[in-house]
Amino acid sequence: ASSLNVPIYTTTFGTESGVKNVVLTARSPRLVMFPGRSVVVRLSIDQRGFRQEKIEVVAKEGDSILASQAMKLPVSGPEEIRFEIPPREMDSSTTTQGFQQRTIRFEVSPLPDEATEADNHVTVLMQPLEKPIETLVLEGKPYWDNKFLVRNFSSDPVLKVTAINRVNDGRFVEQKYQASEGGAESLSGTWRTIESHELPLDDMDKLKEYRVIVLGREAGVFLSSEAIENVRQWLSKEGGCLVCSRGAPTSTMAQRLADI
């Protein structure tokens with residue numbers, strides 16, 4: 001056509017067609033569960049190309065349907081969906097050690113003309129935990145940022161928090177926290193003053209009760225030679241986790257912890 005100098009004009013047949021798709025995602029694809037307690041799973045659903053079609057989101061464990069929710073597709077961005085997954089039934093012969101990881105599949109039935117079904121489902125793994133993770137927060141000079149950190153830790157049912165603050169030389173205040181239905185609240189009867197010889201870092205048996213230690217502001221007052229050796233053993237043999245929330249330790253403390 002070009003050699004003959006013949007023009008070509010193109011035309012489009014049909015009408016404009018956009019991609020239609022529904023996307024289901026999980027806010028946290030891995031969650032922790034406790035025996036006998038429900039777990040809240042948060043999902044997000046989004047779509048393009050559809051209107052407000054009615055759909056049903058189903059939660060399955062194997063071939064069993066645990067729960068379902070009917071809803072309309074969102075039209076202005078992602079929308080959150082909450083599922084409360086009930087615990088497995090326990091009988092007199094069931095122990096907490098007998099609980100295994102649970103795999104929950106959430107799915108939406110495909111809609112007509114949908115581009116792909118690959119993102120119409122999402123899987124959430126729920127890992128069993130027999131009891132909350134014991135967390136120890138130590139601060140020699142209390143400050144607002146660590147109080148905020150403790151408050152947030154305490155609102156998480158996965159954690160059980162013990163916070164120890166220095167009052168003056170040789171005296172400390174110990175407070176225990178754990179999440180409740182009303183949020184982060186102090187457990188009744190757990191506030192007490194303790195002396196320096198009662199600090200958990202100086203006692204290996206007490207230290208073994210904790211899985212996480214957070215060192216806050218001026219935490220050096222808790223780190224005697226015996227305490228540092230205990231922490232070294234706790235990290236290497238017990239698999240503990242040490243967090244320095246105020247940044248890198250001071251040069252003196254860093255030298256004593258260098259082997260870790």
Side-chain angles (χ1 to χ4, degrees), residues 12-133 151-160 178-185:
T12 302
F13 294 92
T15 58
E16 183 178 356
S17 176
V19 175
K20 294 183 176 182
N21 199 34
V22 175
V23 180
L24 186 66
T25 57
R27 179 177 176 182
S28 299
R30 194 179 187 92
L31 298 171
V32 171
M33 64 178 177
F34 296 103
R37 294 175 58 176
S38 299
V39 178
V40 175
V41 181
R42 292 178 172 86
L43 307 175
S44 176
I45 188 165
D46 199 4
Q47 63 92 10
R48 59 179 299 183
F50 292 106
R51 297 182 183 274
Q52 285 189 299
E53 281 84 345
K54 292 182 179 181
I55 61 168
E56 184 178 30
V57 185
V58 179
K60 291 183 177 181
E61 185 172 19
D63 296 328
S64 301
I65 296 179
L66 301 179
S68 64
Q69 290 187 34
M71 61 176 295
K72 291 183 178 181
L73 285 174
V75 292
S76 56
E79 184 174 313
E80 184 179 87
I81 316 169
R82 292 165 56 97
F83 276 87
E84 185 171 342
I85 304 301
R88 283 179 175 158
E89 293 185 2
M90 297 177 62
D91 55 37
S92 58
S93 63
T94 305
T95 63
T96 54
Q97 289 82 3
F99 280 89
Q100 303 295 324
Q101 176 177 280
R102 299 178 66 181
T103 302
I104 312 298
R105 177 184 170 98
F106 299 87
E107 57 185 45
V108 178
S109 298
L111 295 177
D113 302 323
E114 191 171 357
T116 177
E117 302 175 16
D119 42 16
N120 282 45
H121 56 83
V122 63
T123 299
V124 175
L125 300 179
M126 301 199 310
Q127 186 71 33
L129 192 67
E130 294 179 29
K131 61 181 181 179
I133 299 170
R151 191 74 177 175
N152 276 273
F153 278 173
S154 303
S155 65
D156 190 336
V158 174
L159 303 178
K160 184 176 181 180
Q178 190 174 15
S180 65
E181 292 182 2
E185 295 182 357

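Distance NZ/K72 to CD/Q47: 13.0 Å, rounded to 0.5 Å. Atom CD of E107 and atom OG of S68 lie 11.0 Å apart (nearest 0.5 Å). We find the OG-CG distance between S28 and L125 to be 12.0 Å, quoted to the nearest 0.5 Å. The CE atom of M71 sits 9.5 Å away from the CD atom of Q52 when rounded to the nearest 0.5 Å. Taken to the nearest 0.5 Å, the CG atom of L159 stands 10.5 Å off from the CG atom of N152.
Here the side chains of E80 and S44 are not in contact, with every heavy-atom distance at 4.5 Å or above. Inter-residue side-chain proximity for F34 and P87 is flagged as unmet; no heavy-atom pair is nearer than 4.5 Å. Side-chain atoms of V22 and L24, non-hydrogen and from C-beta on, never get closer than 4.5 Å to each other. The closest side-chain heavy-atom distance from I45 to P74 is below 4.5 Å. Between R102 and L66, some side-chain heavy-atom pair lies under the 4.5 Å cut-off. With contacts defined as side-chain heavy-atom distances shorter than 4.5 Å, the pair L111/L73 qualifies. In this structure the side chain of H121 never reaches within 4.5 angstrom of the side chain of K60, judged on heavy atoms. Using a 4.5 Å heavy-atom threshold, the side chains of I104 and V39 count as separate.
Annotation for R27: atom CZ does not count as buried by contact number, only 12 or fewer foreign heavy atoms lying within 6.0 Å. Atom CD of Q69 sits in a crowded spot, with more than 12 heavy atoms from other residues, nucleotides or ligands closer than 6.0 Å.
Electrostatic pairing of K20 and E53 does not count as a salt bridge here, judged by no charged N lying under 4.0 Å from a carboxylate O.
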Please test I85 against E61 for side chain to side chain contact (heavy atoms under 4.5 Å, CB included), starting from the C-alpha separation and ending with a verdict. CA-CA 10 Å; I85 304 301; E61 185 172 19; 5.9 Å; no
Please report the C-alpha distance between R51 and V75 in whole Å, then the side-chain angles of each, then the deciding distance to 0.1 Å, and finally whether the side chain to side chain contact (heavy atoms under 4.5 Å, CB included) criterion is met. CA-CA 7 Å; R51 297 182 183 274; V75 292; 5.8 Å; no
Side chain to side chain contact (heavy atoms under 4.5 Å, CB included), that's the test. Do V23 and N21 meet it? Break it down for me. CA-CA 7 Å; V23 180; N21 199 34; 3.7 Å; yes
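Taking both residues in full, the closest heavy atoms of F50 and P112 are given as CE2-O, 3.6 Å, listed atom of the first, atom of the second, then distance. In this structure, Q100 and M33 approach most closely via the heavy-atom pair O-CE, 3.2 Å.
Remark: D46 engages no residue in a side-chain hydrogen bond (donor to acceptor under 3.5 Å, both in side chains) (not counting sequence neighbours).
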